[in-house]
**Q** 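Here's a structure for you.
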Amino acid sequence: MEIASKYNPAETEEKWYSYWMEQKFFRSVPDEREPYTMVIPPPNVTGVLHMGHMLNNTIQDILVRRARMQGKNACWVPGTDHASIATEAKVVNKLQEEGIPKNSLTREEFLKHAWDWTDKHGGIILEQLKKLGASCDWDRTCFTMDEIRSAGVIKVFVDLYRKGHIYRGIRMVNWDPAAKTALSDEEVIYREVQSKLYYIRYQVEGEPDQHVTIATTRPETILGDTAVCVNPNDERFKHLVGKKVLVPLINRPIPVLEDEYVDMEFGTGCLKITPAHDINDYEIGMRHNLESIDILNDDGTLSKAAQLYVGEDRFDVREKIAVDLEKSGNLVKVEDYTNKVGYSERTDAVIEPKLSTQWFLKMSELAKPALKAVMEDEVRFHPPKFKNLYRHWMENVKDWCISRQLWWGHRIPVYYLEDGSYVVAETEDEAVRLAREKTGNNSLTINDLKQDEDVLDTWASSWLWPITVFDGFNPDNKEIDYYYPTNDLVTAPEIIFFWVARMIMAGYEYRGTYPFKNVYFTGIVRDSQRRKMSKSLGNSPEPLELIKKYGADGVRMGMLLCSPAGNDILFDESLTEQGRNFANKIWNAFRLVKSQEVAAGMEQPESSALAVEWFSNKLNQSIETIDSYFEKYRISDALMEIYHLFWDEFSSWYLELIKPAYQQPIDEKTHQATLKFFDDLMRLLHPFMPFITEEIWHHLEHRKEGESIMVSLQPEAKPYNAELLRQFEHVKEAIAGIRNLRQEKNLSPREALKAMVMTGKDGYFERLDPVLKKMANLESVETVGEKVKGAVSFLVKSSEYFIPLDGLINVDEEIAKLEEELKRMKGFLNGVMKKLGNEKFVSNAPVKVVELEKKKKADAEAKIQVLTESIENLKK
RNA sequence: GGGCGAUUAGCUCAGCUGGUUCAGAGCACCUGCCUUACAAGCAGGGGGUCAAUGGUUCGAAUCCAUUAUCGCCCA
């Protein structure tokens, strides 16, 4: 069979993914096996795959594939989320381009456009995940706005309302004037910006020569001022308290008040109070029963209440009013000033604090069990450093503003009667029934009720995801009992509050237990300069292009190699290149094994027998290590262990050891053992690199239709001979010593050498001579009782190896080399002696530690003796 | 301003509750090799006062305190 010397991923990936799909290997239905469940963090339905998804889903796929290969009933549920604000914004933009303003459409018409958009663009991202190899149960694909998920959201709203957790209130909310909706606190990003501090003079009413000066970054808001406030301890303004001052330009009189909140040091010590447009002012306004004048429209232009600049944008007005204040003599000065301004996460518009009526969910009760669960490790965080962050947030949790002034989403199931009172119901029929009960008017129909115009925050559906994907609010459905709670959740720390915390709350509230046992936090994918990957920077590689270039396996491995849990990953294409190179290494190792001609009846060489014995032990040791890494969710370490096992131990040592001489066949026994090792290695690696492992697994022997590595079992760790492994490491050292020497003396690897060993207490094992001879190309190894003259020597532990090299030895150089080593050993011994000479150490340290020091001492002494003798010998 | 976390090789990071020659890994780097599985490779090699200072201890990368720098969260 002719096999290409370069592995070509494109040829195999398509083939095997189709095969897995056809064979329904990703499908899970409840059975008697132990379930392993995971739900995907639903990406935005109209989004496209980015590097963060690649990392996140690679890790999920590794976990789920491994669980499947451990014989569990593995179920990974995929799906998308409707992303209320982002999707609505996209649809609005698209309509805008077509010349259709949103407000020219009815709600129903708009939603039709939104659904069309969703049907057209939705799920592209899931198709892209297939290219990565994701083994989701696609038959279960969910959408946060499909029927089952929507029903759950509405049911929960009604339930929480009836439990008294949901209330309607007037609050200062974060208003996004671009999206024209309220945002939760978590959706606001604060950024430091260069702005200006305007000092503005207010005249005291009736006293034209008396003034107060306030400082503000937002001069346009003075039109909404309803007071000026000073600190009660501030002697400078005592005489003004109780008087009124006039708002410049409009000359509206407002009182001068005292409030502890005012910082005497900041600005002028006088604070203007605009309750409708600042959260702190609002609170002060509440304390002093001040009027709130809302001078802004929903789109960020000034309203009639402002009196001036009506209909103009807030930022234009800021410039204009400064000029006008200057003209009127009210502008004292303008200073440069750095402050933090909130921006919308979705639209990047500057957030307006705005008073409005919204729906809120009380968090304090729901948070309690969720906090406890994480602090007591009922839900385990990986890495645990995120527990602190979580606790801090949960202990200071604020009520959740769950309404959004949008159309795309779950419409709030609140129905208003004509008098402004309302009923909350899952269906219109129920609403009518409740309304009739409430009013006693049995002639009421749905036409007399008006449903709330707003929709729920997207997270109000995502937080139920682990329940709703299994139709968990349907009492007739038993599936949820089998799959819930799920096992692992893989997500980003950025959404620990948005999503993780809330899912835990919902889990306890609606299932009485946690939604997932483990949360694995991935890092943020950044570029090599630590910048976040973003479209605007153009520093994000196109994931599908990467897959084309390096193969899905290569990309998966590249993503994972440098991404310990919770740490940001600094992505660089060289990582995926390393992944591709590894795939190629595997491919070539396979080519070697496959191309070997097997000779029936040929006797197994001793070196091969030893190689098989050694590698079999090595393999078991590695499996044990890999298992323990997985237990600790140290997934990249597990991969590194396999990488090392395959590349260094298997390819560089084992395969070289069993390699027959040029054009010679290999014996049956060794060949069979090698195939078995290869099989085990492919299984270990399969969760990480599913495609190449499947391809090779099918080449290793004839497989029947319907067989696949992905439904085979992981090799299990068996006991191993640690002493043999230790001895082998010493032989490797001796081999490296000889190779090093060849390089130094410019000796061809093909030239066979002789070796003599003066055995010490450790470092030489006769049984492994065949290994030594084969790998170092020695024609003989013999043990000697004394130093060999005319030979170069080196030490492994206390055994001295000699390679006779008449005429090639530079005595001075050899002596210098040995003396340096001797010096190092003496220094080491010195340190050990100091420790052992310390009475306190000997009496306080554990026996084991002391014993160890004694052994170190003995080893060092033995080595020193050998070195000293060698030096003397050379000097003769 | 309040809180949390970090600082270990050129880069990215391991190093759990102090004690194996503990100072590690991968990449990068240097030297020699196109040796018929693989140059996407092989063999060999160099490299760090564990941020600084002080303390606890027989013993500190590891524990404590202070400082510096950086990051994140909250206000």
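Convention: sequence-line order gives letters A, B, ...; per-chain numbering from 1.
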**Q** Distance check, P atoms only: B:U35 and B:A43, in whole angstrom units.
**A** 14 Å
**Q** Hey, does the side-chain of A:Glu656 have a donor or acceptor N/O within less than 3.5 Å of a partner on the base of B:A43?
**A**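 No, the side chain and the base share no sub-3.5 Å donor-acceptor pair.
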**Q** Are A:Lys857 and A:Glu861 ion-paired here, with the side-chain N under 4.0 Å from a carboxylate O?
**A**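 Answer for the salt bridge query: yes.
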**Q** What about A:Phe521 and A:Tyr633, are their ring centers closer than 6.0 Å?
**A**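 No: the rings miss the under 6.0 Å criterion.
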**Q** With a 3.5 Å limit on both atom pairs, tell me what B:G24 is paired to, counting Watson-Crick and G-U wobble, or say none.
**A**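 Answer to the pairing question: B:C13, which forms a Watson-Crick or G-U pair with B:G24.
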**Q** Kindly say if A:Ser651 contacts the phosphate of B:C38, meaning a side-chain N or O under 4.0 Å from OP1 or OP2.
**A** no
**Q** For the P atoms, the ones on B:G54 and on B:A60, what distance do you get once it is rounded to whole angstrom?
**A**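 Approximately 14 Å lies between the P atom of B:G54 and that of B:A60.
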**Q** Name the closest nucleotide to the A:Trp647 side chain, picking from B:G41, B:C27, B:C38.
**A** B:G41
**Q** Please pick, from B:A43, B:G26, B:C58, the nucleotide with the shortest atom-to-atom distance to any side-chain atom of A:Ser652.
**A**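 Within the option list, the nearest is B:A43.
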**Q** Kindly say if A:Lys585 contacts the phosphate of B:C42, meaning a side-chain N or O under 4.0 Å from OP1 or OP2.
**A**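 Yes, within the criterion.
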**Q** Salt bridge between A:Glu352 and A:Arg218, side-chain N to carboxylate O under 4.0 Å?
**A**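 Yes, this pair counts.
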**Q** Toward the 5' end of RNA chain B, which comes first, A:Pro749 or A:Asp648, by nearest nucleotide?
**A** A:Asp648
**Q** When the nearest nucleotide of RNA chain B is assigned to A:Tyr7 and to A:Arg739 on a heavy-atom basis, which residue is associated with the more 5' position?
**A**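 First, find each residue's nearest nucleotide; the 5'-ward one identifies A:Tyr7.
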**Q** Side chains of A:Glu723 and A:Gln727: do they bring a donor and an acceptor to under 3.5 Å?
**A**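 Looking only at side-chain atoms, A:Gln727 and A:Glu723 do form a donor-acceptor pair, the distance falling under 3.5 Å.
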